Amino acid sequence: MKRNFLCLFLAFALLLTGCTGSAAQSGGAEAESSSVGASSATEPEASVSADPEPEESASNLTPEQEADTSSDLTPEEAASSSDPEPEEAASSSDTMPEESSETTPEEEPLVFTAVSETVWATADVNIRTGPGTDTEVVAVLSAGDSVTRTGYQEAWSQVDYQGAVRYISSRYLTTEEPEEPEEPEESTQPAEPAEPAETAEPTETTGGHIVAIDPGHQAKGNSDLEPIGPGATEKKAKVSTGTSGVSTGVAESSLTLTVALQLKAALLAEGYQVVMTRESQDVNISNAERAQIATDAGAEIFIRIHANGSEDSSVSGIETLSPSSANPYVGALYEDSYRLSKLLVNELCAATGAKNRGVQTSDTMSGINWSTMPVSIVELGFMTNPTEDQLLNSADYQAKLVAGMVNAVNAYFGS
């Protein structure tokens, strides 16, 4: 019994001894593991190449060998392994703006086909510093006037204007001289012999007020220059051919003459004396000379008949032009000219139902500035508006225009 008890005691002692050794060995491993963890915190790159069991490999090496092993993968070498990725991103971002700019249509310059030709304006059109409606307007090319085109593009044309490259909307330029399509209009004038036959009647009519009528423009323009007013240094072309109907093709100079002759007949019937600056298309009379004709005849008022034009085909209506009170040439005529202009635009719109665009002041019109009596430019409507162009060239509408102007003249003289 004692022997069995001694054997159990020895076995228990041996068991206690083994557990103690195991715990000591486990404590050493934990210490080594903590040391490795601290190293990992300062050198994270080393964990990339660490063996599956770093504690065992480290415990079998000398300090010198451990130093050699840790130098196999330095922080710089570990960092360099990730360099290509940010370098590509920078390169990619550097090239992106250049690629996008090359493919952006808005930044591509307009391509003009080089030409050298004379073109004519089909309506009053702006001359600009660049090919776009947001660029500066440097001048206006009057309808019928010509300019040299040096480059063509569907929307815009390059032109040589006063030695500089300028731009005009291609829509309002033509390579055909405006006189050619106007010839049929001239040939139709003899079909109305009764109206020209009345030209001698104004001098035979006595006792009535004298009204001067100027049918604007003429078949062929005259680009020679004349002062815009008495003593002026600024000069303008003596007379232009005007615009033309976008639907009818009728020249402004033909329309104004047709209406003016009807107005003359109507005023004669009212007892007025009438002076016409022209009664034919085939004339060459400057704007200053037309004012002089009215002055020489002793006219009391001067009505200048025109038709309007615009780059916007939707624009319509009737307006009149009058000198301002600050006009350096005819400022003294401002009040009477404005009253005449106001009566004309109001009566014309009342008779026709057209949009009333009111009285506009202008001090750059030679035909106004050379006048010596109250003067008004009547813009009967827009020939660049398809609907209004058709109306302007209809007999019924022309009769309404004439009636409106007669009512205005009667109101001006208190008749």
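Below, each value reflects all heavy atoms present in this structure, side chains not excepted, and no hydrogens, waters or symmetry copies. Note that the coordinates shown come from a computational prediction; the quantities given were computed from them, not determined experimentally.
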Requested in this report: Without swapping roles, check the side chain of Arg278 against the backbone of His217 for a donor-acceptor pair under 3.5 Å.
Outcome: yes

**Report entry** Side-chain touch Lys235/Ile228, heavy atoms, less than 4.5 angstrom
**Finding:** no

Query raised in the report: Would you say Lys238 has more than 12 foreign heavy atoms packed within less than 6.0 Å of its NZ?
Result: yes

Query - Donor + acceptor pair across side chains of Asn287, Glu226 (<3.5 Å) - result: no

Query raised in the report: Between the side chains of Ser324 and Thr361, does any donor sit under 3.5 Å from an acceptor?
Result: no

Query raised in the report: Atom OG of Ser371 and atom CD1 of Ile301: how far apart are they, to the nearest 0.5 Å?
Result: 10.5 Å

Report task. Please check if the side chain of Gln158 supplies one atom and the backbone of Thr150 the other of a donor-acceptor pair under 3.5 Å. Result -> no

**Report entry** Backbone of Glu379 reached by a side-chain donor or acceptor of Glu319 within 3.5 Å
**Finding:** no

Query - Donor on one side chain, acceptor on other, Glu117 and Thr175, under 3.5 Å - result: no

Query raised in the report: Does the side chain of Ile213 come within less than 4.5 Å of Thr277's, by heavy atoms?
Result: no

Query - Glu289 side chain to Ser286 backbone, donor-acceptor under 3.5 Å - result: yes

Query raised in the report: Which residues satisfy the ring-ring contact (aromatic ring centres under 6.0 Å, His included) test with Phe112, sequence neighbours excluded?
Result: Tyr167

Query - Leu392 side chain reached by Leu401 side chain, heavy atoms, under 4.5 Å - result: yes

Report task. Could you tell me whether the side chain of Leu225 reaches within less than 4.5 Å of the side chain of Lys236, counting heavy atoms only? Result -> no

Query raised in the report: Would you say Ile303 and Val409 make side-chain contact, with heavy atoms under 4.5 Å?
Result: yes

Query raised in the report: Say you draw a straight line from CG of Leu263 to CD of Gln398; how long is it, rounded to the nearest 0.5 Å?
Result: 12.0 Å

Query raised in the report: Distance-only, no hydrogens or angles: does the Trp370 side chain make a donor-acceptor pair with backbone N or O of Pro227 under 3.5 Å?
Result: yes

Requested in this report: Return yes if a side-chain donor-acceptor contact under 3.5 Å exists between Gln281 and Gln218, otherwise no.
Outcome: no

Query raised in the report: When the ring planes of Phe413 and Tyr272 are compared, do they come out parallel, tilted or perpendicular, using 30° and 60° as the limits?
Result: tilted

Query raised in the report: Between Ser157 and Ser170, does any side-chain donor sit less than 3.5 Å from a side-chain acceptor?
Result: yes

Query raised in the report: Between the main-chain N or O of Thr135 and the side-chain N or O of Arg128, is there a donor-acceptor pair closer than 3.5 Å?
Result: yes

Report summary line: Output for pair (Leu255 CG, Thr248 OG1), nearest 0.5 Å, gives 8.0 Å

**Report entry** Straight-line distance of Asn222 CG to Thr241 OG1, nearest 0.5 Å
**Finding:** 11.5 Å

Query raised in the report: Do the non-hydrogen side-chain atoms of Val330 and Ile368 ever get within less than 4.5 Å of each other?
Result: yes

Query raised in the report: Just by modelled atom types, is the Ser253 backbone N or O under 3.5 Å from a matching donor or acceptor in the Thr256 side chain?
Result: yes

Report task. May I ask you to decide if Pro323's main-chain N or O and Asn327's side chain share a donor-acceptor pair within less than 3.5 Å? Result -> no

**Report entry** Pairwise distance CG(Leu343) to OH(Tyr412) - rounded to 0.5 angstrom
**Finding:** 9.0 Å

Query raised in the report: Side chains of Asn356 and Ile318: does their closest heavy-atom pair fall under 4.5 Å?
Result: no

**Report entry** Any side-chain donor near an acceptor of the partner, Asn393 and Asp389, under 3.5 Å
**Finding:** yes

**Report entry** Sub-4.5 Å side-chain heavy-atom contact between Asp214 and Phe302
**Finding:** yes

Query raised in the report: Ignoring hydrogens and geometry, is there a side-chain-to-backbone donor-acceptor pair from Thr243 to Glu252 under 3.5 Å?
Result: no

Report task. Using only heavy-atom distances, determine whether the side chains of Ser280 and Asp282 contain a donor-acceptor pair under 3.5 Å. Result -> no

Query raised in the report: Do His209 and Glu300 get their side chains close enough for a donor-acceptor pair, meaning under 3.5 Å?
Result: yes

**Report entry** Qualifying residues under side chain to side chain contact (heavy atoms under 4.5 Å, CB included), relative to Pro328, sequence neighbours excluded
**Finding:** none

Query raised in the report: Do Ser313 and Thr384 have side-chain atoms, one donor and one acceptor, less than 3.5 Å apart?
Result: no

Query raised in the report: Looking just at side-chain N and O atoms, do Asp363 and Asn369 make a donor-acceptor pair shorter than 3.5 Å?
Result: no

Report task. Check whether any side-chain N or O of Arg166 sits under 3.5 Å from a backbone N or O of Gly130 as a donor-acceptor pair, and report yes or no. Result -> no

